[in-house]
Amino acid sequence: MVVVAIAIIRMKDLFAVVMLAGIYGLLSASFFVAMDAVDVAFTEAAVGAGISTLLMLVVITMTGRDEKATRHKPLSALLIVTVTGGLLIYGTLDMPYFGSADAPIHNHISPRYINDSMQEIGVPNIVTSVLASYRAFDTFGEVVVIFTAGIGVLAMLSVGRRKEDDEEIASINDSMHEQHLVIRIVAKMLIPFIFLFALYVQFHGDFGPGGGFQAGVIFAAAIILYTMLFGLSTARKVINQTFIRLIAAIGVLLYGCVGIVSLANGGNFFDYNVLASDAIAGQHLGILLIEWGVGCTVAAVMIIIFFNFAGRRELYQHNKHSQNKESS
Amino acid sequence: MLMGLLNYWIVVVLMMSGLYIVIAHGNLIKKLVGLTIFQTSVFIFYISMAKIEGGSAPILADDITVYSNPLPHVLILTAIVVGIATTALGLSLVVRIKEAYGCIEEEEIQQQDNDQQAESKAEEVA
Amino acid sequence: MIAHLPILQVIIPLMAAPICLMLKRTQLVWLFSLLTSGLAFAVSVLLLQQVMTSGLISYELGGWQAPWGIEYRIDKLNAFLLLIISGISTIVLFAAQTSIEKEIPKDKHIYFYVLYLLSLTGMLGIVATGDAFNVFVFLEISSLSAYALIAMGKNKQALWASYQYLIMGTIGATFILIGIGLMYQMTGTLNMYDLSQRLPEVAQSRTVFAAFAFVIVGVCLKLALFPLHLWLPNAYAYAPSIVTAFFAATATKVAIYLLIRFTFSVFGLSFSFTTIPLQTLFMALGLIGIFVASFAAIFQSNIKHLFAYSSIAQIGYMIVGFSISSVTGLTATLLHLFNHALMKSAIFLALAAVVFRVGNVQLNSLRGLGRQMPLTMAAIVLGGLSLIGVPLTVGFVSKWYLLIALVEQGWWPVAGLILLGSMLAVAYVWRIVEVAYFKEPVGPPIKEAPMSFLVPIWALVIANIYFGIDTRISVQVAEAAAQSLFGVSL
Amino acid sequence: MLIAAIIAIFVAMILSIFRGVVGTTLYDRILAVNMFGTKTVLLIALLGFVMGRPEFLDIAIVYALINFISVIGVLRYSDTNQFKHTATDNETVKKES
Amino acid sequence: MDIVITISSGFFLLMGSFLCFSGGIGLLRFPDFYTRMHAVGVTDTLGAGMILVGLMILSTDFLVFAKLVMVLLLTLLIGPTTSHVLAKAAFHNGLMPRGLSTLEQDNNKVYSTSNP
C-alpha cells in the first residue's frame with residue numbers, strides 16, 4: 001500500500017492516479033477483510049473502488065488528464081506532514097499493542113454489544129444491531145450527510161434539459177454502441193442478477209455482511225452500468241430526475257418517521273421496543289424499516305450524483321462539438 | 001514493541017502521504033485523491049484498533065467465542081459514507097471550476113483571481 | 001412532549017428539509033422553512049428555560065443507556081448556543097426570500113432552502129449532542145451544506161472559495177476524527193461525559209496528548225483561528241449574502257463551542273491548562289490574530305472582505321477570553337459569542353440589502369449611500385460601533401468583561417493590547433462612514449431597502465442596543481454557563 | 001493448501017500492482033486493475049475458507065461485480081477524444097520494444 | 001471419501017494458484033500490451049475457475065456452494081468480456097501490437113476507411 005501511495009504522489013498522469021486510487025481502495029478493502037471488518041470491506045469495495053473511481057473518471061474526461069508541472073511547495077508541505085506524522089507516531093507509543101485483547105476498547109463498551117445484543121435485539125450481525133439500534137442516530141446522520149451531498153451536487157450541476165441536444169447526443173451514443181455489442185448483451189444478462197443480489201444484501205444484512213447502504217450502492221451500480229452502456233437519455237426515460245429526488249427524500253423521511261412513531265408510542269426517539277407489542281419484534285421491525293430508508297436514499301442519491309455528472313459531461317461534449325463546428 | 005506498533009506506524013505513513021498530496025499538489029483532482037487516501041488511511045487506523053488476536057468477524061455464530069470489536073466498524077461505515085459524500089461534492093465543485101476558470105490548477109486560478117482583483121482596484125483608483 | 005425537547009430541537013429542521021424538496025412553489029418552501037426555524041427557536045427557548053430552572057437534561061436516544069447508545073446532553077452552555085443559532089437563523093430567514101431572488105437562479109431556490117435547513121440541523125446537532133462521534137457526523141452535515149451554499153454565490157470566485165473551504169474543512173474534520181479515534185483507543189468510550197470520567201486515569205500517556213493536539217488543531221481549522229484562517233475571508237465574501245449573514249453569526253460560534261466543550265468538559269480543566277501550555281499559546285495566537293486581521297481589514301476594498309477579516313479579529317477576542325481560563329474570562333467569551341452573533345448578522349444582513357439594491361459591495365460603490373439608504377447604512381454604522389465597543393452597545397459589555405477578567409489576573413499589558421485592537425476597529429469602520437456619508441453619490445438614485453430587509457435588520461440592531469443597556473439576561477446566562485463548566489471540571 | 005494458494009495469489013497481486021505502477025500505456029493499467037480485482041475476489045473467497053467464515057463470499061460477489069462495472073466505466077469514458085492513444089505514448093512503446 | 005476430497009481440492013487449488021502466479025509473471029514480463037493481455041486473460045479465467053472449483057469441493061454447506069457457483073459464473077462471464085472490450089478499445093484507439101508498429105501509418109489508413 002505504501003508503494004501505491006508513493007506512486008500516486010509521483011504520478012503526473014491523472015488517469016493513472018485514479019486507477020491507482022482504485023487499486024488503493026481494493027487493497028484497503030482486502031485489509032479490512034483480513035481485520036474481520038466484513039461490513040466495512042463490503043462498503044469500501046463498492047464505494048472506494050467502484051463509485052468514487054467512476055466519478056473521478058467522469059470528471060477527468062471533462063477536465064483533461066495531465067497534471068501540470070507547477071511549482072509545488074514541497075518543503076513547507078513536508079514540514080507540516082513530518083510534524084503531524086511525528087506527533088501521531090509519538091501518540092502511538094503509549095497505545096495498547098495491535099491485537100491485544102486487554103486494550104480498553106475491548107473491555108469497556110463493546111462486551112455488552114457482543115454478549116447482550118442477541119437478547120436485546122435478536123440480530124446475529126452485531127455490526128447491524130449496533131448500527132441500526134444502539135447508534136441509530138449516527139446512521140441517521142449518515143443518511144442525512146449523503147442526502148446533503150446529493151442536494152449539493154444537484155444545486156451545483158443540474159442542467160435544464162434541452163430537447164435539441166438529445167438527438168445529437170443520441171447519435172453520438174449510437175455510434176459508440178456499435179462497438180459495445182458484446183458488453184451490452186452481457187450486461188443485459190447481468191443487470192437483473194445485480195438487482196436480485198441487491199435485494200438479497202438488503203434483507204440478509206441481519207445475518208451476514210450487508211445492509212441498506214451496501215444494497216443501495218449495488219442497486220445504483222446496476223443503474224450506472226445501464227446508463228453507461230445505453231446512454232443517459234435512455235436511462236433518464238426509465239428514471240427521471242424528479243422521481244429519483246422524491247425517492248431520496250422519502251428515504252430520509254422513512255428513517256425519521258420510525259423515530260417519530262416511536263416518540264408517539266411513548267418511547268424515546270428511535271426506541272424500537274415500543275414499535276410492536278414484543279420488544280424483539282419491535283427491534284426487528286425498526287431495523288427493517290430504517291434499512292429500507294437507508295437503501296432508498298443511498299441508491300437514489302448515488303444515481304442522482306452520477307446522472308448529474310454524466311449530464312454535465314454530455315453538455316460539455318455538446319458544447320465542444322458545436323464550437324468545433326463553428327470554428328471549422 | 002516494534003511488532004506491536006508497526007501496524008500503526010505504517011498507517012501513519014499512509015496518512016501522511018495522503019496529507020502530503022493534499023498540501024503539496026496544485027491539481028484539484030489530485031488534491032481530492034489525496035484527501036480520499038488520507039481518509040481511507042484513517043479508516044484503516046480505526047479498523048486496526050478493533051482487531052483482537054484470534055478474534056473473528058462480529059457476526060454471532062455458535063462455535064466462536066472471541067469477536068473483534070464491532071463499534072469501530074460501525075463508526076467507519078458512517079465515515080466512509082461521509083467520505084464519498086465529500087468526494088462527490090468536491091468533484092462537482094471541480095467541474096464547475098473548470099467551466100468557470102478553464103483550468104484546474106491551483107496556481108492558475110489564483111493568478112486569475114489576483115488579476116481580477118487588481119483590475120477592480122485599478123478601476124477604483126480611476 | 002416536554003421530555004423530548006432535546007431531540008425535537010434537531011429533528012424538526014432535519015425532517016423539514018426533505019419535505020421542502022417535495023413542495024412545489026418556492027414561496028411555500030420559504031414560509032415552511034421560516035416556520036420550521038421559528039419552531040426550532042421556540043424549542044430552544046423552552047430548553048433554556050428548563051435548563052436554567054432544573055439543571056442538566058440528558059436524553060437517551062433509542063432508549064439505550066448512555067455509554068452504549070447516543071446521549072443528548074443539554075447543559076446551560078449548549079442551551080445558550082442553541083438559542084443563538086436558531087434565533088439568528090430565524091431572523092436571517094426573514095430576509096432570505098428577497099435577497100436570494102437576485103443572487104441565485106430561480107430553479108435553485110428550493111435547493112437553497114433545503115441546504116440552509118440541513119446546515120441549521122448540522123449546527124444544532126453538533127451543539128446538542130453528548131457523543132464525540134456524533135459530533136463528527138453532524139459537523140460533516142453542516143460543512144457539506146456550507147460548501148454547497150457558498151458555491152451558490154454568483155461570482156466564479158465563490159466556487160474557488162468553496163473548494164478551498166472544502167479541502168481545509170475536510171482536513172479539519174479528519175483531524176478531529178483521528179483525535180476521537182485516539183481517545184477511543186485509550187478509554188474505550190465515545191460518550192463525552194464518560195470520556196471525562198475515564199480520561200484522567202490515562203492522562204499522563206502520550207496518546208492522550210496526541211489526541212488532544214489533533215482535536216484542537218481540527219477544531220481550530222474550523223474556527224479559523226489565526227494561522228489557519230486563510231479559507232474564511234473568501235468564503236464569506238463570495239457566498240450569497242444571506243448565507244454570509246447566517247454563517248458569520250453561527251458557524252464559528254459552533255467551533256468555539258466545540259473548543260470549549262473539548263477542553264473544559266472532556267479533557268478537563270487541569271489537563272488542558274496545566275499539562276500543556278495552552279494558555280500562553282492561545283493567548284498569543286488570539287492577540288496576533290486580532291492585530292493581523294484588523295490590519296488586513298483596514299486595507300480591503302470589498303466590504304464583505306473587510307467584515308470577514310473583522311470576524312477573524314473578533315474570534316481572536318473570544319480566544320483571549322477563553323485562554324484566561326477563569327470564570328470571568330469564559331463569561332466574557334460566551335458574552336462575546338452572543339454579542340458578536342448579533343452584530344455580525346445585523347451588519348451582513350444590511351450588506352445583503354446593499355447588494356440587493358446596488359449589486360455589489362465594493363467600497364467605492366457605497367459613495368453617498370448614507371443619504372440614499374439611510375436606515376440600512378445606519379444599521380451598518382451601529383453594528384460597526386458595536387464592533388468597536390462603544391458604550392451602550394453590546395460590544396462594550398463583552399469587552400468590558402474581557403478587560404475585567406484580564407485585570408483580575410493582573411495581565412495589564414494584554415488588556416492594553418486589547419484596547420489598541422479596538423482602536424484598529426475604529427479605523428476600518430471609519431472608512432465606511434467616510435465613504436457613505438461624506439462623499440457625493442454617483443450613478444442613478446437608489447431606493448431604500450425593502451421592508452423584508454429592514455425589519456430583521458432593525459430587530460437585530462435594536463437587540464444590539466437593548467442587550468447593551470440591559471445586560472441582565474445575557475450576563476446571567478453566560479455566567480451561569482461558565483460557572484457550570486468550572487463546576488464540572490474542578 | 002489454502003495457505004499456499006493465498007500466498008500465490010498474493011504474489012500475483014503484487015506483480016499486478018507493479019504493472020499498474022509502471023504502466024507505460026493506459027491499457028496496461030486498466031489490465032492491471034482488472035487482474036487485481038479478480039485476484040482480490042479469489043483472495044477473499046480463500047480467506048473466508050481459512051477463517052472458517054464462508055459468509056465472506058457475499059463480498060467476493062460484490063467485488064466481482066464492482067470490478068466489472070469499473071472496468072466498463074473506464075473503457076466507456078476512455079473512448080472520448082481525450083484518451084485517444086497519444087503520440088507520446090506510442091513513442092514510449094517504441095522505445096521499449 | 002475424505003481423502004479424495006482433500007486430494008482433488010488440493011489439486012485444483014494448486015493448479016489454480018500456479019496459473020494465477022504465471023499470469024502475474026506474464027503481466028510483468030511480456031513485452032507489449034497485447035501479449036500481456038493474452039497472459040492475463042487466459043490464465044486468469046482458468047486459474048480463477050480452478051480455485052473456485054477447488055473451494056467448491058471443500059464446501060460443506062449448500063448456500064456456500066451456491067454462492068461459489070455464482071462467483072464462478074460471474075468470473076466466467078466477466079473475464080472474457082472485459083478482455084475482449086479492453087483489446088478492442090486499445091486497438092480502436094490506435095495502440096498497435098508490437099511488430100506492427102512499423103505498419104502503423106498503413107493500418108491507420110485502413111482502419112479509418114473501413115470504420116466510418
Side-chain angles (χ1 to χ4, degrees), chain A residues 1-2 5-6 9 14 17 21 24 28 31-32 35-40 43-44 47-48 51-52 55 59 62-63 67-68 70 72-74 77 80-81 85 88-89 92 97-99 101 105-106 110 113-114 118 124-127 130-131 135 138 142 145-146 149 152-153 156-157 208 305 312, chain B residues 4-5 7-10 12-21 23-27 29-30 33 36-37 40 43-44 47-53 55-60 67-71 73-74 76-78 80-82 84-85 87-89 91-96 98 104-105 107:
Chain A
M1 284 180 93
V2 177
I6 289 172
I9 297 183
L14 283 178
V17 168
Y24 189 82
S28 55
F31 180 77
F32 292 151
M35 291 287 120
D36 301 333
V38 271
D39 282 87
V40 181
T43 318
E44 174 66 24
V47 167
I51 304 281
S52 67
L55 287 183
V59 175
M62 279 186 270
T63 55
E67 183 188 8
K68 298 220 174 62
T70 43
H72 299 323
K73 324 151 235 179
I80 296 175
V81 168
L88 259 178
I89 292 198
T92 56
Y97 287 163
F98 174 70
I105 55 167
H106 302 309
S110 60
Y113 294 142
I114 293 171
M118 202 61 199
N125 187 352
I126 309 175
V127 174
V130 176
L131 182 92
R135 298 186 70 88
D138 264 355
E142 160 196 324
V145 167
I146 199 86
V153 171
M156 263 183 284
L157 293 184
I305 291 176
R312 271 278 159 160
Chain B
L5 294 175
N7 204 310
Y8 293 123
W9 289 349
I10 293 174
V12 171
V13 172
L14 287 175
M15 278 187 214
M16 288 312 115
S17 37
L19 191 58
Y20 177 81
I21 298 176
I23 300 174
H25 282 259
N27 187 294
I29 293 182
K30 196 148 177 192
V33 173
T36 318
I37 290 176
T40 313
F43 304 160
I44 296 174
I47 298 296
S48 328
M49 297 193 308
K51 175 75 177 169
I52 295 186
E53 206 72 53
S56 180
I59 297 168
L60 294 172
Y67 296 99
S68 284
N69 193 341
L71 187 53
H73 299 183
V74 175
I76 289 317
L77 272 179
T78 309
I80 288 179
V81 179
V82 171
I84 177 74
T87 314
L89 206 60
L91 283 174
S92 64
L93 271 172
V94 172
V95 171
R96 287 288 301 276
K98 167 78 179 171
I104 51 163
E105 298 290 328
E107 288 201 337

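So that the names make sense, note that chain A is the first sequence line, chain B the second, and so on, each numbered from 1.
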message = If I measure from the heavy atoms of chain B, does A:Ile305 come under 4.5 Å with its side chain, its backbone, both, or neither?
response = side chain
message = Please identify, among A:Val81, A:Leu88, A:Ile146, the residue contributing the most non-hydrogen atom pairs under 4.5 Å to chain B.
response = A:Val81
note = Okay, B:Leu91 and chain A: the region with an atom under 4.5 Å from a heavy atom over there is both
Under 4.5 Å from a heavy atom of chain A, the part of B:Ser68 involved = both
task = Could you tell me whether the side chain of B:Tyr8 reaches within less than 4.5 Å of the side chain of A:Ile89, counting heavy atoms only?
result = no
message = Would you compute the distance between atom CD1 of B:Ile76 and atom OG1 of A:Thr43 and round it to the nearest 0.5 angstrom?
response = 11.0 Å
key: Distance, nearest 0.5 Å, that separates CG of B:Leu19 from CD1 of A:Ile80   = 7.5 Å
query = Non-hydrogen atoms of chain A under 4.5 Å away: do they reach the side chain of B:Ala88, the backbone, both or neither?
reply = both
message = Quick check for you: among A:Gly152, A:Gly85, A:Ser52, which has the greatest number of heavy-atom pairs under 4.5 Å with chain B?
response = A:Gly85
key: All side chain to side chain contact (heavy atoms under 4.5 Å, CB included) counterparts of A:Leu131, not counting sequence neighbours   = A:Thr139, B:Val74, B:Leu77
ask   = Could you walk me through whether B:Thr87 and A:Leu55 pass the side-chain contact (heavy atoms from CB on, under 4.5 Å) check?
value = CA-CA 9 Å; B:Thr87 314; A:Leu55 287 183; over 6 Å; no
ask   = For B:Met16, is it the side chain, the backbone, both or neither that has a heavy atom under 4.5 Å from a heavy atom of chain A?
value = both
key: By side chain to side chain donor-acceptor pair (under 3.5 Å) - contacts of B:Thr78 (at least two apart)   = A:Glu142
inquiry  = Checking side-chain contact (heavy atoms from CB on, under 4.5 Å) between B:Pro70 and each of A:Asp36, A:Ile126, A:Asp39, A:Asn125, which is the one that passes?
reply    = A:Ile126
request  = Pick one of side chain, backbone, both or neither for B:Ser48, based on which atoms fall under 4.5 Å of a heavy atom in chain A.
outcome  = both
key: Spacing of OH belonging to A:Tyr24 relative to CG belonging to B:Leu14, to within rounding of 0.5 Å   = 4.0 Å
ask   = In Å and rounded to the nearest 0.5 Å, what is the OG1 to CZ distance from B:Thr40 to A:Phe31?
value = 12.5 Å
remark   = Answer key: most heavy-atom pairs under 4.5 Å with chain A among B:Thr36, B:Val12, B:Val82 is B:Val12
remark   = Rounded to the nearest 0.5 angstrom, the CE-CE distance for B:Met49 and A:Met35 is 13.0 Å
message = Would you compute the distance between atom CE of A:Met156 and atom CG of B:Leu89 and round it to the nearest 0.5 angstrom?
response = 4.0 Å
